[in-house]
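Here's the structure, in structure tokens; my notes come after.
Proteins come first, then strands; the chains are lettered A, B, ... in the order of their sequence lines, and each starts at number 1. Predicted model only: the values in this text are computed from it and were never measured.
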Amino acid sequence: MDQGTLPKAYEPAEIEKRWYSFWEEKKLFHADDKKTGKEYSIVIPPPNVTGSLHMGHALNNTMQDILVRYHRMNGYNTLWMPGTDHAGIATQNVVEKQLALEGLKREDLGREKFIERVWTWKAMSGGVIINQLRRLGCSCDWDRERFTMDEGLSRAVREVFVRLYEDGLIYKGDYIVNWCPRCHTALSDLEVEHEEASGNLWLIRYPIEDSDEYVVVATTRPETMLGDTAVAVNPEDDRYRHLIGKNAILPLVGRKLRIIGDPVVSMEFGTGALKVTPSHDMTDFELSIRHNLEHVTIMDYNGRINANGIHFAGMDRYECRKAIVAELQEKGYLESIQPYALGLGRCYRCKDVVEPLISQQWFVKVEPLAQAALKAVQKGHTRIIPENWTKVYYEWMNNIRDWCISRQIWWGHRIPAWTCQGCGEIIVAREDPTECPKCKSSTLVQETDVLDTWFSSALWPFSTMGWPDRTELLHTFYPTSCLVTGFDILFFWVARMMMMGIKFMGDVPFRDVYIHALVRDESGKKMSKSLGNVIDPLQVMDVYGTDAFRFTLSALAAQGRDIRLSESRIEGYRNFMNKVWNAARFALPHLETLSPEDTPADSGSLPLAERWILSRLHRTIQEVRSSIETYCFNDAAQSLYQFTWHEFCDWYIEESKISLSGENQERKQATAATMRYVLDALMMLLHPFIPFITEEIAAKIRPERTSIMRGPFPEFDPSRIDPEAERMMGILMGVVSSVRNIRSEMNIAPSRALPVLVFSFSEQERELLDKNRSMVETLAKVNEFRVIAPTQEMEPLRMAATAVVNEMRILVPLEGIVDPDAEIFRLSKELAKIEKELQSVSRKLSNEEFLAKANAAAVQKQKERHSELTAKLSGLGSGLEKMRSLKSS
RNA sequence: GGGCGGGUAGCUCAGCGGGAGAGCACCGGCCUUACAAGCCGGGGGUCACAGGUUCAAAUCCUGUUCCGCCUACCA
């Protein structure tokens with residue numbers, strides 16, 4: 001309670017550090033393995049070990065922390081499972097870059113040494129992002145931290161692979177895949193990023209065998225013609241129908257190409273004739289299966305032309321393109337070149353242009369898994385929030401293609417499959433086999449490929465809890481309560497967790513999936529290093545503090561809309577932290593006289609301001625609770641901001657100064673008790689959003705309490721809702737505001753006290769004003785406050801400014817203070833506004849249909865408005881008239 | 001090509017059937033001892049455009065247009 005030492009401005013750095021280590025030390029993040037019946041659990045979307053905290057992480061984890069802290073405060077046994085992802089390609093790339101600095105390639109080390117090197121790297125740098133999450137205030141159960149490559153999780157991966165294989169859901173074969181010539185690995189469809197690029201459409205003449213005719217094909221990749229094995233046209237196409245069944249001759253190469261008819265060929269595009277390159281194009285590959293076409297591979301894994309490429313062999317793909325075009329031109333095969341915007345596929349890791357290539361890969365047959373995952377959402381076992389994403393989810397699940405899970409890299413879970421050198425048998429096993437079960441040969445060669453990183457991530461909700469063992473943890477916390485994630489990994493990750501969870505746990509992995517927005521820069525662009533538009537969350541936290549940052553993210557996180565983050569917004573919420581801090585600085589010294597058990601009395605026996613603030617507080621409690629429970633974090637943040645600043649600080653604290661500095665001990669006590677109660681509740685309400693500052697203040701409010709992390713979160717108490725108090729405070733605040741307005745518009749110095757005269761028809765109102773006169777006097781700086789019934793003579797007031805509140809007429813005598821022109825101007829402006837409003841209300845009320853069809857409450861409301869506006873109009877109107885007549889006399 | 005989201009105050013965005021809101025910026029006045037990172041007051045918007053439904057539309061429906069994102073085998 002040493003308010004003297006509280007700095008004037010909130011200084012987050014030391015406080016954040018101190019509280020975080022306190023929480024960890026006291027094990028306050030710990031979840032109990034044992035089931036209590038009231039459980040809440042979230043598994044973190046594991047960030048890449050190579051990662052550094054970016055805005056996406058910050059948003060994602062702030063929301064999780066809000067949910068987790070909220071539930072923990074509400075008495076739930078709450079688990080937030082943390083960990084990191086081994087991020088195959090990304091991590092391998094990082095370490096390879098490091099090696100490159102030493103002039104080495106991974107091949108120079110060999111597989112084993114290289115992997116050792118990656119582990120060393122992980123030990124040194126893998127904890128960075130975890131500590132950054134701590135910095136953000138995340139209340140994860142750190143003792144349980146997992147890594148997708150650790151022993152337990154690797155066992156889960158292996159178990160899943162074997163079972164899927166045994167169930168016939170994993171197969172190996174030669175298929176066309178997306179190949180990254182830079183990373184030397186296959187990529188799944190999802191790992192290819194599509195972008196538009198400017199290129200050309202080359203039109204090439206293919207002569208028809210035994211004729212003078214030729215057919216013109218269109219291509220964006222002329223070099224692939226070396227691998228053509230057919231020409232396809234649409235069977236409906238009158239231009240080409242007669243050619244189907246004939247042969248074309250591949251220019252430069254001389255190979256005979258069958259001309260086939262297939263409906264995939266679009267008649268509108270290009271020339272309507274398609275060159276078919278089964279080994280280097282997805283569509284063509286499928287055509288080749290349908291029409292039983294030969295495969296000619298012309299490119300190697302480095303993107304260079306191989307021996308099938310006649311004299312182009314050895315060239316790089318782009319070099320070859322140039323050479324081919326030149327030769328086609330020279331020999332008269334090139335019909336024309338048209339500029340064309342084409343879709344380019346790039347590797348999501350290294351951004352190199354992906355080549356479709358045929359190679360031997362492992363696949364998961366996903367359709368049955370996807371159908372189950374789809375049904376689970378349809379049946380409501382998992383809710384997707386906001387709902388519109390369910391449609392996207394269905395769409396994808398229905399059009400899903402088999403998942404290529406093998407990657408030709410070294411860092412990852414090695415595929416548990418062996419080929420017997422003796423008989424060729426493929427062995428897939430949980431334990432490393434020593435001999436072939438078929439021919440007993442002991443020369444077994446393990447698959448060199450590793451699994452797609454997302455394969456292990458797909459198991460995350462149960463592998464982290466100890467599966468395949470039936471652990472108590474799984475029993476207690478699976479299915480998890482909620483998954484919080486961005487839509488960018490809906491397919492990569494969420495969909496696959498659904499499939500695997502249902503398959504291996506027999507239940508969905510989470511009850512809710514909350515999909516939040518993306519954080520973009522001010523102009524709406526995705527933040528990326530290459531664009532140079534990233535705002536670094538760590539820097540933001542350094543400058544403005546973690547709480548301010550978290551509150552900003554919460555306040556901006558409206559469902560279904562991306563966040564454009566601007567620094568001024570963060571600054572605004574930093575100011576809010578300061579406001580909270582100073583409210584506490586004000587309040588704390590006044591709470592010293594209270595005993596620990598003092599609480600506000602029942603609302604019936606409290607002074608008006610106390611009844612009012614308690615009523616407002618409980619409305620806020622209700623709003624915050626329901627907003628968090630519906631994932632409307634921005635609404636919760638807004639309610640809290642509004643209540644704290646514009647009700648508690650602007651009005652209640654200001655008003656409390658009167659009673660706190662007064663002589664009435666009982667009144668003083670009531671105010672202090674209420675203030676402590678409200679401030680304390682406010683810290684609890686704010687805690688999930690801004691955990692540090694609230695802990696610090698809460699500890700000063702009640703030093704006997706060690707932490708508010710375990711709650712209790714304030715309960716809504718309907719008996720505190722007091723519409724009458726709200727109405728009466730509304731009147732008083734209206735009077736104060738109108739006097740302040742007159743003062744400001746009339747250019748009267750704030751230091752100058754004013755006399756005020758109020759005419760009210762209502763005895764109850766007069767009593768209210770009379771009883772609370774000190775509030776008006778203090779807050780509006782009034783030195784003489786008279787409240788009278790309108791029957792009494794108003795004449796003594798020769799010149800006064802007029803305001804109307806709730807049918808009360810408020811007069812501020814201005815004689816000798818100010819130029820009447822100013823008042824005439826002010827009133828005219830105000831009257832114009834009211835007239836316009838009154839017009840629209842009158843129009844409604846004179847509309848028979850409105851009266852007949854609108855609901856009663858709406859009509860009643862308009863009637864009330866009408867009388868209020870009429871009173872205002874007449875009050876201000878007569879003020880204006882008087883001002884005018886005084887002026888002219 | 002298909003799908004989704006969005007166009008509301010100078011900027012960033014809430015609101016999504018009955019009186020146009022917030023933060024920042026702007027204008028005027030205040031160092032009123034919790035806070036100048038503050039206090040008090042103020043100005044500012046045919047809610048993209050056009051139709052329709054309704055007693056009533058920023059809010060619901062249809063169309064147009066512009067922007068963003070996702071997805072796709074038109075080479």
Can you tell me, in whole Å, how much space there is between the [atom1] of [N] and that of [M]?
N      : M      : atom1 : result
B:rA50 : B:rA57 : P     : 15 Å
B:rA9  : B:rG45 : C1'   : 5 Å
B:rG6  : B:rG43 : C1'   : 29 Å
B:rA14 : B:rA56 : P     : 29 Å
B:rC30 : B:rC35 : C1'   : 15 Å
B:rG42 : B:rU59 : C1'   : 29 Å

Discussion item. I'd like to know if the side chain of A:T277 and the backbone of A:H280 have a donor-acceptor N/O pair within less than 3.5 Å.
Written reply: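 It does not hold such a pair.
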Nearest to the side chain of [X], heavy atoms from C-beta on, is which of [options]?
X      : options                : value
A:K8   : B:rC73, B:rC4, B:rA36  : B:rA36
A:D650 : B:rC39, B:rC69, B:rA75 : B:rC39
A:P750 : B:rG29, B:rA34, B:rG41 : B:rG29
A:H194 : B:rG28, B:rA72, B:rA75 : B:rA72
A:M282 : B:rU71, B:rC73, B:rC74 : B:rC73
A:N741 : B:rG41, B:rC69, B:rC73 : B:rG41
A:S744 : B:rA75, B:rA34, B:rG41 : B:rG41
A:N578 : B:rA72, B:rG29, B:rA37 : B:rA37

Regarding [X], tell me which of base, sugar-phosphate or nothing describes its non-hydrogen contacts under 4.0 Å with the strands shown.
X      : result
A:R574 : base
A:E268 : nothing
A:I653 : base
A:R401 : sugar-phosphate
A:Y393 : nothing

Item to complete: Hey, which sits more toward the 5' end of RNA chain B by its nearest nucleotide, A:L190 or A:V736?
Response: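 The residue mapped nearer the 5' terminus is A:V736.
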Discussion item. On RNA chain B, does the nearest nucleotide to A:N582 precede the nearest nucleotide to A:A558 from the 5' side, or the other way round? Give the residue.
Written reply: A:A558
Item to complete: Give the B/S/- string for nucleotides 18-26 of chain B, one per nucleotide from 5' to 3', where a protein heavy atom under 4.0 Å of the base yields B, of only the sugar-phosphate yields S, and otherwise -.
Response: BB---SS--
Item to complete: With the side chain counted from C-beta on, respond yes when A:I693 and A:M683 share a heavy-atom pair under 4.5 Å apart, and no when they do not.
Response: no
Practice prompt. Please test A:T224 against A:K275 for side-chain hydrogen bond (donor to acceptor under 3.5 Å, both in side chains), starting from the C-alpha separation and ending with a verdict.
Written response: CA-CA 9 Å; A:T224 61; A:K275 62 188 259 324; 2.7 Å; yes
Item to complete: Check each residue of residues 217-227 of chain A for a non-hydrogen atom within less than 4.0 Å of any atom in RNA chain B, then write out the ones that pass by number, or none.
Response: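 Residues of residues 217-227 of chain A under 4.0 Å from RNA chain B: A:A218, A:T219, A:T220.
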Practice prompt. Test for a donor-acceptor pair under 3.5 Å between the base of B:rC35 and the side chain of A:K579, counting only N and O atoms.
Written response: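 Indeed there is one.
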Worksheet entry | Heavy-atom donor-acceptor pair, A:E654 side-chain to B:rA34 base, under 3.5 Å |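 Counting by modelled atom types and ignoring angles, a donor-acceptor contact under 3.5 Å is found here.
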Worksheet entry | Under-4.0 Å salt bridge between A:E335 and A:R205 |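 Salt bridge present between A:E335 and A:R205.
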Worksheet item: Does the side chain of A:K657 get closer than 4.0 angstrom to OP1 or OP2 of B:rU33 through an N or O atom?
Response: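 For B:rU33, OP1/OP2 do not have a side-chain N/O of A:K657 under 4.0 Å.
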Worksheet item: Under 4.0 Å between a side-chain N or O of A:K391 and OP1 or OP2 of B:rG3?
Response: no
Item to complete: Establish, for the pair A:R346 and A:W179, whether the NZ or CZ atom is under 6.0 angstrom from the six-membered ring centre and no further than 45 degrees off its axis.
Response: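 Relative to the ring axis of A:W179, which defines the angle, A:R346 lies outside at least one limit.
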Practice prompt. Establish, yes or no, whether the cationic atom of A:K657 lies under 6.0 Å from the six-membered ring centre of A:F586 and within 45° of the ring axis.
Written response: yes
Discussion item. If only side-chain N and O atoms count, and only distance matters, is there a donor-acceptor pair under 3.5 Å linking A:N234 with A:D262?
Written reply: no
Take the angle between the ring planes of [X] and [Y] and call it parallel below 30°, perpendicular above 60°, tilted in between.
X      : Y      : value
A:Y514 : A:Y631 : parallel
A:F285 : A:H295 : tilted
A:F491 : A:W396 : parallel

Fill in: Pair assignment for B:rA48, Watson-Crick or G-U wobble, requiring both distances under 3.5 Å
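For B:rA48, the partner nucleotide comes out as B:rU64, under the 3.5 Å rule.
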Discussion item. Quick one, A:Y544 with A:Y573, criterion ring-ring contact (aromatic ring centres under 6.0 Å, His included). Give me CA distance, side-chain angles, the key distance, then yes/no.
Written reply: CA-CA 9 Å; A:Y544 300 101; A:Y573 289 111; over 10 Å; no
